[in-house]
Amino acid sequence: MDGPAAEQLALEGLPVAPARRRPRRAGPVPIAESAPVARVCVDLPPPHLDRPFEYLVPASMDAAARPGTRVKVRFGAQDVDAYVLERVDEAEHEGALAPVRRVVSGEPVVTPAVLRLARAVADRWAGTLADVLRLAVPPRHARVEAEDVAELPPAHGAGRPLSGEAWAPYRGGAAFLQHLAGGGTPRAVWTALPGPAGERWPDAIAQAVAACAVSGRGSLVVVPDARDLDRVLAALEAAGVEGAVRLAADDGPAPRYRSFLAVLRGRSRVVVGTRASAFAPVADLGLVVCWDDGDGLHAEPRAPYPHAREVLALRAELEGAAFLVGGASRSVEAQALVATGWAREVVADRATVRARTPRVRALTSVELAREGPAAAARLPGPAWRAIREALARGPVLVQVPRAGYVPVVACARCRAAARCGVCHGPLGVPAHGAIPTCAWCARLATDWRCSECGHDQLRSVRVGSERTAEELGRAFPGVTVRASGSRAASGVLATVPDGPALVVATPGAEPVAPAGYAAAVLLDAGVATSGASLRTGEDALRRWLAAASLVRAADDGGQVLVVGDGEERVTQALVRWDPAGFAARELDERAQLALPPAVRVATVTGPREAVAAVVARVDGAEVLGPVPVDGPAPRGSLVPDVRTVLRVPRAHGTALAAELRASLAVRSARREGGTVRVQLDPADLT
DNA sequence: AGCACGCCGACT
DNA sequence: GTCGGCGTGCTC
C-alpha cells in the first residue's frame, strides 16, 4: 500500500533538523473504508488541468466528502479548492495519492445532473469544467449555509384547477400544455402575441410551469433581466404556483446563495432566474424555458461564453425535460431549432395576430417626400400629429435606439458624419452642451469644418434618449414626459400610469402601461438597422416588436410609427408583424452564405502569434483571417489583437470544440504567451 | 495557476 | 567563481 522503497532514498550526512518537521501525525491517517478515493475537479483555470485528480478520503471526512461537495486539496505546492466529482474504490492514478485536506462544506452543491451538464457545456464551448462550475455554482456563503432550513411548502400542482387560457390563441398551444401535464417532453419555439398591456406572456409561461407541476416535475425559467423576472414571479403567483424561487446573480451574494440552497435542498422545484440559473439544481426537471432568447443578456460574458438558450437546450436533452423558447420576436437560432425539426413552432394564426396587434406604419423618407425639407426632421409632421392625437387617448411610447446623449454628430448642412480633423475618428458630444469631441483621440472639435461641403455647423444625428425627452418636452408643451433607461435620471421604469404622457425609453427599458399605450413611435429606424453585426436586423426587429407589443390592438386605436429609413426587410417584417417569416428568410440567407447558425463558427482572438499557434493545431476547419480587431490595442501592447474565424459544418461543431480545447491545453502547458480568447458561436460576430 | 528543477549572463 | 534569469515540467 505504501509508496515504493525507492522513495526512501537515504541521504546520509544530512542534518537531522528538518526531519523534526515531518511527524505531524504518528502514522498515516486512517482512510475511509468504502470508496476511499475521491476524484476531484481542481478549481484552477489552465485547460491542461481540466481532468480529474484523485485523492484519498480520510475516514474522518468519509461522510462529509460526498460527490458534489467542495473540498481543499494539496495540489503541487499549494492548497486549492476542488469539487468531489465521485467516490470510487480504486484509483486510476499509478502513483501515491495525497489525502483530501479538508471538506469545506458538506453541502453537495454540484448535483450529478448539473455535473453532467457542466461537462457538456465545457465540451461544447471549448472551455474547462472549472470555468463552467464557476458559472453554475454561486460563491459559498457560510452564514447562509448555517441558517435553518425552512420546511417544505405544500407540493404545487395540487392547487387550483389548471388554466391553459393564455395558450388558447396559439396553434399547438393546448397540445403543448397537455403534453407537459402528462409528463411528456415537447419542445416548442413560441412567438408570443401582444396581450393586454403586453403582459400575456408571463401568464403563458406560468401556465406552462403549472402544467408541468401537474406531472410532478419542476421547471426552470430563464429571463434576460430582473424586470422580466418579477413579471414571471407575479404571474406564477397569480397562476397558483407556490414557492417559486428567484435566482439572480445581482441579488447579492447572500440572497443568491440562499435561493440556490433552497433549490438544491428541494425546497422548491420552480426557479425563475437570469442566465446563470440555467444551471440551477432543480430536482425532477420537467421543463426549461428561455424567454426572449434574442436578448444579448442571455449570452454569458465569462469564459467559456455559453448562451442560456443553448445551455437549456442541452439540458433538456440530458435530463429529458421539455423545452420552450419564446419571445415577441424570433431569433435565427430558435428558427434553426424549428428548421432542423428539433422543436416545433407554436404560433398564432394570421387572423389572431391581426386582431391583437396595433396598426404599424412606416414613415420613411419616401413616404415623407411630399412633406418637403421638413421631412428631414427627426420628428416629422405625421409623427408629430399622430402623437398629438394619441395623447388624447393615453400614454405614448417613444423608443430611441441608443442610450445616453448624442453619441455622434454630423454636418448641419449636408449631414455627412462629422469626423475629427486630426485623426478622422467620429465626433461625439460627451455631455449636454459640451463641445464635440473625437471618440478616438479625444481632441475637442473647436474649429471644425465639414470636409464634404465646408460648412462649419454641427448637428446631432444619433440622438440619445435624454436629448429626445428634452426635445419632445418642447414639442409638446404641458405634456408629462417620462424617461426610462439605464442612463435616465429616473432609471428603468417598470410601469407607467395610463394617463396621457410621453414615455421615452431605450430598447429593453420600455415600461408597461396597464391599459396599453395608445401609440408607439420608433425613432431613427436607420440607426436601429444599421450596423456591421450579423444580428443587427434581427435585433432591431426584436426591439421594435417588444415596444410595439406594449401598444393596444388596432381595434382599440393602437398605432405604431417607425420613423426613418430602416432596412426594408426589417421594416416590412414589423409592418406585417411577421417575426417568424423574417427569421426563416434570415436563416435561409445564412445557409446560403455559410454563416451561423447554419454553420458553426469559432473565433480565436489575441496576439497574432498566439492566435496562429492555437489555430495551427486545429484540423479540418475553414480558416478565415486573421484580421486586426477594431478598437485600441490591449494594455501594454502597441499592436492590436487579431481575430481568426474558424468555420465548420454544424455536424462538425463538437469536433471543432474538442480540437480547440486540445489546442488550448497544449498552449497552457507550453505557456505560449499572451491572452487568447476562444468563442464558439459568438453572439456579436461582425 | 504556482512552483520546482535546470542551464547561461553580470556581480560580490 | 556564485546569484539569478525564466524556459520546460508537474501537480493525484
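The chains referred to below are lettered A, B, ... by the order of the sequence lines, with proteins before strands, and numbering in each begins at 1.
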Nucleotide [N], atom [atom2] - distance to [atom1] of [X] in whole Å:
X      : N      : atom1 : atom2 : answer
A/L49  : C/dT11 : CG    : P     : 11 Å
A/D50  : C/dT11 : CG    : P     : 17 Å
A/L44  : C/dC12 : CG    : P     : 12 Å
A/F53  : B/dG2  : CZ    : C1'   : 13 Å
A/I31  : C/dC12 : CD1   : C1'   : 13 Å
A/D79  : C/dT11 : CG    : C1'   : 13 Å
A/R667 : B/dA1  : CZ    : C1'   : 14 Å
A/E92  : C/dC12 : CD    : P     : 16 Å

Pairwise distance SG(A/C41) to CZ(A/R119) - rounded to 0.5 angstrom
8.0 Å
How long is the straight-line distance from CZ of A/F75 back to CG of A/D43, given to the nearest 0.5 Å?
11.5 Å
Tested for side-chain hydrogen bond (donor to acceptor under 3.5 Å, both in side chains) against A/Y257, the lone hit among A/R140, A/H141, A/E145 is A/E145
Selection from B/dG2, C/dC12, B/dC3 that lies nearest to any side-chain heavy atom of A/Q78
B/dG2
The nucleotide from B/dA1, C/dC12, B/dC3 with an atom nearest the side chain of A/P46 is B/dA1
Write down the atom of [X], the atom of [Y], and the distance for their closest heavy-atom approach.
X      : Y      : value
A/R87  : A/A32  : NH2-CB, 3.7 Å
A/G625 : A/T644 : C-OG1, 4.1 Å
A/G485 : A/A509 : CA-CB, 3.7 Å
A/A280 : A/L247 : CB-CD2, 3.6 Å

Sub-3.5 Å pairs of nitrogen or oxygen atoms, protein against nucleotides 6-8 of chain B:
none

N/O-N/O pairs, protein side and nucleotides 5-9 of chain C side, under 3.5 Å:
from	atom 1	to	atom 2	distance (Å)
C/dG9	N7	A/R671	NH2	3.0
C/dG9	O6	A/R671	NH1	2.4
C/dG9	O6	A/R671	NH2	2.0

Ring-face cation of A/R315 near A/F279 (centre distance under 6.0 Å, axis angle within 45°):
no
Counting distance alone, no hydrogens or angles: does the base of C/dT11 have a donor or acceptor under 3.5 Å from a partner atom on the side chain of A/H48?
yes
Base, sugar-phosphate, or nothing for A/Y55, non-hydrogen atoms under 4.0 angstrom?
sugar-phosphate
Heavy atoms only, 4.0 Å cut-off, all strands: where does A/R74 land among base, sugar-phosphate and nothing?
sugar-phosphate
Could you check whether any side-chain N or O of A/R647 sits under 3.5 Å from a backbone N or O of A/V601, counting only pairs where one atom can act as donor and the other as acceptor?
no
